[in-house]
Novice: 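Below: one structure in structure tokens.
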Number of protein chains: 2
Amino acid sequence: MKWDEIENEVCSVSRTLAVVGDRWTMLIIRDAFLRVRRFDDFQKNLGMSRHRLSERLKKLVDYGVLKKEAYQANRYEYRLTEKGLELYPILISMAKWGDKWMDDGKGVPMLYKHNPCGHHYSPMVVCSECGEPIDPHDVTPQIGPGKFHNSRAHSACIEKAS
Amino acid sequence: MKWDEIENEVCSVSRTLAVVGDRWTMLIIRDAFLRVRRFDDFQKNLGMSRHRLSERLKKLVDYGVLKKEAYQANRYEYRLTEKGLELYPILISMAKWGDKWMDDGKGVPMLYKHNPCGHHYSPMVVCSECGEPIDPHDVTPQIGPGKFHNSRAHSACIEKAS
DNA sequence: CGCCATCAGTTCCAAAATGGAACCTAAAGC
DNA sequence: GCTTTAGGTTCCATTTTGGAACTGATGGCG
């Protein structure tokens, strides 16, 4: 199987990776959350080739993660859409994991202040239903309606999982 | 800049992507959370080339995300370490985003039951300090100790951000 | 014991993606 | 009207990937 076929898998992780799983894409998103908006600013901050950047931005616009708006004649800004803003949990979870597991002993690169409470925070994933923090051992994955009539995919591994 | 230099960036997102940002890697992790453990099972479920799989598994073991253990002479299992298990918030956030934004109209592929409360849940990211859900607009990123004396990196874009 | 199947890879090569440098074009500033 | 800046595109060498075929060590079975 090739990488660009994963968008058609019956799996939400695969489908998400079809959008943000390419090289550089999550770093473009990171910069977008830090209010970077212009082509040259992305390019200078990321140090990636203009060629690749151009292609990635186009793809993100096509998927509706960024929107491209002129701020002058022939000058454009790329901004996160609602769809893009909702990538925040993924991004901040990556930041937290890197803080903990890829530390170089010099302290964390960035701190995040939660304005409403005024503290530096770290993201905590809790259950939408009971509010308790999630331990992956306490979660049972089950086949949902979208996968039910699908003979391919991971039936086998899910059976093993339960 | 080349992709394999991002591990040395003073940014926890970059460093995380150095580990899990390659093609297929997050899908290997996904399968690992679904209790897939053996080479051939990963290969059949993912449909990726054995060559690439072999390389990715080796890399994940080197980084300490998976551990390789013999379950018979010359037969091995790959299991998530503590470091690997803590990738769960990233993975489940990807699943949630895909459920919402990459839906094909046939219903969600998978449901996740939170055993302690018994409900199908979705992950919610809340502030570690006050417990409220996080809206990215309410967060102010600030330069941390690890980036303070570093002239490169994103000083410029952070200033713009604040 | 001898044969076949399974598991866990490795080797080799063609095809696709990436990185870098140079080039292009349309405003805007002076 | 000349120069600078922003926002790209083109071209080509280098890397990565994907796929098929091959290897080698058990393990099961008649």
Novice: Look at the side-chain N and O atoms of S54(A) and state whether any lies under 4.0 Å from the OP1 or OP2 oxygen of dT9(D).
Specialist: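 For dT9(D), OP1/OP2 do have a side-chain N/O of S54(A) under 4.0 Å.
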Novice: Are any of Y71(B)'s side-chain N or O atoms less than 4.0 Å away from OP1 or OP2 of dT26(D)?
Specialist: no
Novice: Has Y78(B) got a side-chain N or O lying under 4.0 Å from the OP1 or OP2 atom of dG9(C)?
Specialist: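 Yes, such a contact exists.
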Novice: Below the 4.0 Å mark, does dA6(D) have OP1 or OP2 next to a side-chain nitrogen or oxygen of R75(A)?
Specialist: no
Novice: Measure CG/D40(A) against C1'/dT4(D) and give the value in whole Å, please.
Specialist: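 Between C1' of dT4(D) and CG of D40(A): 12 Å.
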Novice: Check the distance between dA21(C)'s P and Q43(A)'s CD and give it to me in whole angstrom.
Specialist: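 From Q43(A) CD to dA21(C) P: 11 Å.
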Novice: For V65(B), is there any backbone N or O sitting under 3.5 Å from a side-chain donor or acceptor partner on T81(B)?
Specialist: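 The answer is yes, because a donor-acceptor pair under 3.5 Å joins these two groups.
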Novice: Could you state the interatomic distance from CG (L53(A)) to CZ (F39(A)), rounded to the nearest 0.5 Å?
Specialist: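 Rounded to the nearest 0.5 Å, the CG-CZ separation comes to 4.0 Å.
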Novice: Less than 4.0 angstrom between a side-chain N/O of W24(B) and OP1 or OP2 of dG18(D), yes or no?
Specialist: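 Result: yes.
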Novice: Among K59(A), K58(A), R52(A), find the one that has a salt bridge (charged side-chain N to carboxylate O under 4.0 Å, His left out) with E55(A).
Specialist: R52(A)
Novice: Under the 6.0 Å and 45° cation-pi test, does R38(A) pair with Y71(A)?
Specialist: yes
Novice: So, does R50(A) get its side chain near the phosphate of dG19(C), meaning an N or O under 4.0 Å from OP1 or OP2?
Specialist: no
Novice: Given atom CD of E55(A) and atom P of dT18(C), what is their separation to the nearest angstrom?
Specialist: 7 Å
Novice: Does K68(B) make a side-chain N or O approach to OP1 or OP2 of dG9(C) shorter than 4.0 Å?
Specialist: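 Affirmative; the distance criterion is met.
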Novice: For dT6(C), take OP1 and OP2 only and decide whether either is under 4.0 Å from a side-chain N or O of K44(B).
Specialist: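 K44(B) to dT6(C) OP1/OP2: no side-chain N or O under 4.0 Å.
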Novice: Regarding F39(B), tell me which of base, sugar-phosphate or nothing describes its non-hydrogen contacts under 4.0 Å with the strands shown.
Specialist: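 Here F39(B) touches the bases of the nucleic acid.
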